[in-house]
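Below: one structure, written as structure tokens.
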Amino acid sequence: MTHRSFAYESGVTETNERLEFLGDSVLGLVVTQELYSRFPDLDESRLSPLRSGVVNMRALADVARVLELGASIRLGKGEEVTGGRDKNSLLADAFEAIIGAIYLEKGFDESARVVMKLIAPTLESALAKGAGLDGKTALQELMAFQGKGAPEYVVTETGPDHDKSFTAFAMVGGEAIAEGQGKSKREAEQIAARVAYELLNLSTAD
């Protein structure tokens, strides 16, 4: 639970980044295995957006908030004063580090059990949305139905090369409708598109 900002300011050598790297892989494998088993008839093009609906920065950060992990992260003063304890990227990283630690201590079966217990609500919500999880396609189709131009995306990135965070803005008619954060450009765009789709679809329904 030691963020690199704390390590830099305090002279500590170890951070949670290696555990985060491990936990990210464990999470991805657990969710992939679950989806692969549940849906034997779905191909990769359908399974991938389902997985992205569960294993993404915002979803993992929400789980971390439920667990109140933010209070336990060791942060440097700079991150502390800028609200680091509630940043999606830091919370998601902390959750991944916890999963990595459980994997090292208890092995895959126990870490898989913990992952499934903690992400069950997120997973069920993602499954309930089904094909709509492909946010970019859904938003594009909605824009076509409404007679509007195709959506565009503006993406910014922060952080070092080995730990980048991306923020995408879904633009409709030159206006930023929604934003999404992720560890890749694709993930950030998908999240922004899903949020924009939900907002615009709701306003249409009203």
Side-chain angles (χ1 to χ4, degrees), residues 1 16-73 85-139 165-166 168 178-184 186-199 201-202:
M1 302 296 285
N16 64 359
E17 290 182 357
R18 281 173 54 82
L19 284 174
E20 169 203 334
F21 171 77
L22 180 61
D24 176 65
S25 295
V26 174
L27 276 163
L29 179 56
V30 171
V31 174
T32 299
Q33 180 176 280
E34 177 69 14
L35 294 174
Y36 186 87
S37 299
R38 276 207 204 188
F39 304 103
D41 297 328
L42 294 186
D43 61 19
E44 185 271 344
S45 66
R46 293 289 303 281
L47 292 172
S48 288
L50 284 172
R51 181 176 59 190
S52 296
V54 181
V55 186
N56 65 70
M57 183 187 296
R58 186 176 65 171
L60 298 182
D62 287 342
V63 176
R65 289 188 178 94
V66 173
L67 298 174
E68 299 182 350
L69 293 186
S72 300
I73 303 174
R85 294 190 185 280
D86 196 47
K87 285 183 180 178
N88 284 344
S89 59
L90 268 67
L91 289 170
D93 290 349
F95 179 61
E96 289 174 340
I98 290 291
I99 299 304
I102 294 173
Y103 172 79
L104 289 178
E105 184 72 19
K106 298 293 186 180
F108 180 76
D109 289 345
E110 181 63 14
S111 54
R113 186 191 68 79
V114 173
V115 167
M116 291 306 303
K117 179 178 180 180
L118 293 176
I119 69 167
T122 303
L123 178 60
E124 296 307 320
S125 175
L127 296 178
K129 294 178 181 178
L133 280 171
D134 185 357
K136 294 181 73 172
T137 299
L139 181 59
S165 294
F166 295 82
E179 73 175 87
Q181 292 181 319
K183 292 188 175 181
S184 69
R186 180 176 182 274
E187 178 183 319
E189 288 179 344
Q190 283 285 356
I191 294 173
R194 285 200 297 271
V195 175
Y197 173 84
E198 291 169 4
L199 290 173
N201 195 41
L202 181 62

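Heads up: numbering here begins at 1 and tracks the sequence. Small disclaimer: the values here were computed from a predicted structure and weren't measured.
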Note to self: Show, in sequence, the C-alpha distance, side-chain angles and deciding distance for Arg194 and Asn56, and conclude whether the side-chain contact (heavy atoms from CB on, under 4.5 Å) test is met.
What the structure shows: CA-CA 13 Å; Arg194 285 200 297 271; Asn56 65 70; 4.0 Å; yes
Next item on the list: For the pair Gln181 and Asn88, evaluate side-chain hydrogen bond (donor to acceptor under 3.5 Å, both in side chains) and give the outcome as yes or no after the intermediate values.
Entry: CA-CA 8 Å; Gln181 292 181 319; Asn88 284 344; 3.2 Å; yes
Note to self: Working note: Leu118 + Arg113, criterion side-chain contact (heavy atoms from CB on, under 4.5 Å); need CA distance, chi angles, decisive distance, verdict.
What the structure shows: CA-CA 9 Å; Leu118 293 176; Arg113 186 191 68 79; over 6 Å; no
Item checked: Pair Lys183-Glu96, salt bridge (Lys or Arg N to Asp or Glu O under 4.0 Å): steps then yes or no -> CA-CA 13 Å; Lys183 292 188 175 181; Glu96 289 174 340; 2.6 Å; yes
Notebook entry, point to check: Run the side-chain contact (heavy atoms from CB on, under 4.5 Å) check on Leu69 and Arg85 step by step: do they pass?
Noted result: CA-CA 8 Å; Leu69 293 186; Arg85 294 190 185 280; over 6 Å; no
Next item on the list: Give the C-alpha distance, both sets of side-chain angles, the deciding distance and a yes or no for side-chain contact (heavy atoms from CB on, under 4.5 Å) between Leu104 and Leu19.
Entry: CA-CA 9 Å; Leu104 289 178; Leu19 284 174; 3.6 Å; yes
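Residues Val195 and Ala178 approach most closely at CG1-CB, 3.5 Å, considering heavy atoms. Of all heavy-atom pairs spanning Met1 and Ser72, the tightest one is CB-O, 3.7 Å. Residue Ala168 comes nearest to Ala192 through the heavy atom pair O-CB, 3.5 Å, listed as atom of the first residue, atom of the second, then distance. When all heavy atoms of Leu91 and Ala64 are compared, the pair lying nearest together is O-CB, 3.5 Å. The two atoms that bring Gly107 and Ser111 nearest to each other are O-OG, 2.9 Å, heavy atoms only.
The environment of Phe166 atom CZ is dense: over 12 non-hydrogen atoms of other residues, nucleotides or ligands sit within 6.0 angstrom. Within 6.0 Å of CZ on Arg186 lie no more than 12 heavy atoms contributed by other residues, nucleotides or ligands. More than 12 heavy atoms of other residues, nucleotides or ligands lie within 6.0 Å of CZ in Arg38, so this atom counts as buried by the packing criterion. In the displayed structure, Phe108 atom CZ is contacted under 6.0 Å by more than 12 heavy atoms of other residues, nucleotides or ligands.
Put simply, CG on Leu27 and CG on Leu60 are 6.0 Å apart, with the number rounded to the nearest 0.5 Å. With rounding to the nearest 0.5 angstrom, the NZ atom of Lys87 is 9.5 Å from the OG atom of Ser165. Note that CD of Glu20 is 7.5 Å distant from CG of Asp24, once rounded to the nearest 0.5 Å. Between the CG atom of Leu90 and the CG atom of Asn16 there is a distance of 8.0 Å, given to the nearest 0.5 Å. Taken to the nearest 0.5 Å, the CG atom of Asp62 stands 12.0 Å off from the CE atom of Met57. A distance of 10.5 Å separates CZ of Arg58 from OG1 of Thr122, quoted to the nearest 0.5 Å.
With hydrogens and angles ignored, the 3.5 Å screen pairs no side-chain donor or acceptor of Arg51 with any backbone N or O of Thr32.
Contact of the Ser184 side chain with the Glu187 side chain is registered, since non-hydrogen atoms from C-beta on lie closer than 4.5 Å.
Partner Val115 forms a side-chain contact (heavy atoms from CB on, under 4.5 Å) with one of Val54, Leu29, Ile99, Leu123 and no other, that one being Ile99.
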